[in-house]
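Reading through the structure tokens given below for one structure.
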Amino acid sequence: MIEISETASNSTRHIMKYRRFFLTGLLALTLVTPLSAGTLHVATTGNDKNPGTLALPFATIQRSENSAGPGDTVFIHGGTYKMPATQITAQRRDRAEVTVLSKSGMPGKPICYFAAPGEIPLFDFSDVKPPDHRVTAFSIDASWLHLKGLSVTGVQVTITSHTQSICFDNEGNNNIYEQLQMHDGQAIGFWLGKGSNNLIVNCDSYRNYDYTSENKKGGNVDGFGFHAPKGSVGNIFRGCRAWFNSDDGFDLINTIEPILIENCWSFYNGFDPSFKGLGDGNGFKLGGYGVSGGPVPEVVPRHVIRLSLAVRNRSAGFYANHQPGGIDMLNNTAYLNSVNFNLLGRDASHTTDVPGYGHKLKNNLAYKGRTEVSNMNAAACELAANSFDLKLQFEDKDFLGLNQADLVAPRQANGDLPLVPFMKLRPGNPAVNKGVDAGLPFKGKAPDLGAFESEER
Ligand code: CA
Ligand code: CA
């Protein structure tokens, strides 16, 4: 701003300076905003003093963020990025945040951080061990970002009291997280702590186990967590898998707002890979507030989970976790969990556990749980065409496949879940065409039960 009291010559100098600044700014804008969206490159052979071209790539995603703008794509090339502690970008409270993405894209012009086509960039955080700090490998405050194809491994826990480290921590809006792999670390895979309209799609979180903090039981490490405050709406987990996470596969314990989970598979959680029991071990922990004793939100979030699969989790496949209200569970399949569907609720005063009420359960299939369904107040739920209320009896031969190796089969080329026969209904299975309309597409004369609609007419 030019002060009125300035002399004329001072003003002129200021104006000249501002004009020069303005023109320089315009020139810079022209240079960094080409007609087509810009492309930048990050590689293990890169250097942050480079210009970020294919020939002269950056070394870090953090550096690429400075140069990227809305509509740009940063290609991250394959290989192992051994992250040093010197790459910690921010220390906030007790968190050491390594890569921090705080620059947003725009509607229709996201900033994309993509694995270079056909390449697998693996970020190894095993050397990042800040004393007395939680580690957040990727901290995303920004909005309108699209991350795709990145793998994160080896994230550490250094604190021995109650704590948690996180691979991806989202606090922005309108972000897409696609084909991310979070594995073999001590951290939670994906944490949605805040934000709206985020899509987490086709991501895998597996073999994550905190063997450092508290009692070394890994009681806090989930594959995917949604724990958002009021106003964090429109979020979706789709096509994601979670297995051998030391606590739960998916956990919604502390969220005030509802979420949609669909086409997700959760198995072997609460175990280490030798099936030694560790933490809670629910496939999908869909409710909350009971454990901490409140406070209960004014409106209890009504989550929707559909077309999802829970197998051989240490506790429940699908667990209402003391939710003082209902959840929509539609066309899910549960197999070999300790309890396939545990609907445990809390009364309205939130003091006493009661059989779950207010749930809408349609077309769910339960097979070979030690218990198929528990803690259900059937009269206070909307039940239709679940295998446990139809009292359907299955045998192994009713399914096209029960080979658990299928669960970890490689994904399809586009990142979708593998096409495998596991738990699909063989023609003649008593669940074929026994379902009711649950608002989901179906084949034949009626919906089937479970997560996989058969071709049978
Ligand atoms: Ca948990
Ligand atoms: Ca059908």
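Remember, it's 1-based here, ligands and their atoms both numbered in the order they're listed. Counting begins at 1 with the first residue of the sequence.
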### Message
In this structure, is the centre-to-centre distance between the rings of Phe394 and Phe399 below 6.0 Å?
### Response
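Here the rings of Phe394 and Phe399 have centres that are less than 6.0 Å from each other.
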### Message
Ring centroids only, cut at 6.0 angstrom: are Tyr177 and Phe190 within range, meaning strictly under it?
### Response
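Here the rings of Phe190 and Tyr177 have centres that are less than 6.0 Å from each other.
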### Query
At the Ca ion (ligand 1), what's the angle from Asp247 OD2 to Asp222 OD1, rounded to 10 degrees?
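The two atoms subtend 90° at the Ca ion (ligand 1).
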### Task
Anything under 30° is parallel, anything over 60° is perpendicular, the rest tilted; go ahead and classify Trp265 against Phe452.
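Geometry flag for Phe452 against Trp265: perpendicular rings.
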### Task
Determine the interplanar angle of the Phe244 and Phe275 rings, folded into 0 to 90°, and report it as parallel if under 30°, tilted if 30 to 60°, perpendicular if over 60°.
perpendicular
### Where the Ca ion (ligand 2) is the vertex, angle from Ala446 O to Lys443 O to 10°
80°
### Query
Looking at Asp448, which of its N, O or S atoms is the nearest one to the Ca ion (ligand 2)?
OD1
### Query
For Glu453, what is the atom name of its N, O or S atom nearest to the Ca ion (ligand 2)?
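Among the N, O or S atoms of Glu453, the one closest to the Ca ion (ligand 2) is OE2.
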### Query
Strictly under 3.0 Å, is any N, O or S atom of Asn433 next to the Ca ion (ligand 2)?
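So Asn433 counts as coordinating the Ca ion (ligand 2), yes.
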### N/O/S atom of Phe442 inside 3.0 Å of the Ca ion (ligand 2), strictly under
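Phe442 does not place any N, O or S atom closer than 3.0 Å to the Ca ion (ligand 2).
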### Query
Strictly under 3.0 Å, is any N, O or S atom of Asp280 next to the Ca ion (ligand 1)?
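Not a single backbone or side-chain N, O or S atom of Asp280 is under 3.0 Å from the Ca ion (ligand 1).
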### Query
Does a side-chain heavy-atom distance below 4.5 Å link Asn433 with Asp448?
yes
### Query
Can you tell which of Asp396, Asn337, Thr333 makes a side chain to side chain donor-acceptor pair (under 3.5 Å) with Tyr367?
Asp396
### Query
Does Lys285 use its side chain to pair, donor to acceptor, with the backbone of Tyr319 at less than 3.5 Å?
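No; zero donor-acceptor contacts below 3.5 Å.
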### Query
Any idea which N/O/S atom from Asp248 gets closest to the Ca ion (ligand 1)?
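Distance check against the Ca ion (ligand 1) picks out OD2 in Asp248.
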### Query
Can you tell me the N, O or S atom of Asp251 that's nearest the Ca ion (ligand 1)?
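Output for this pair reads OD2.
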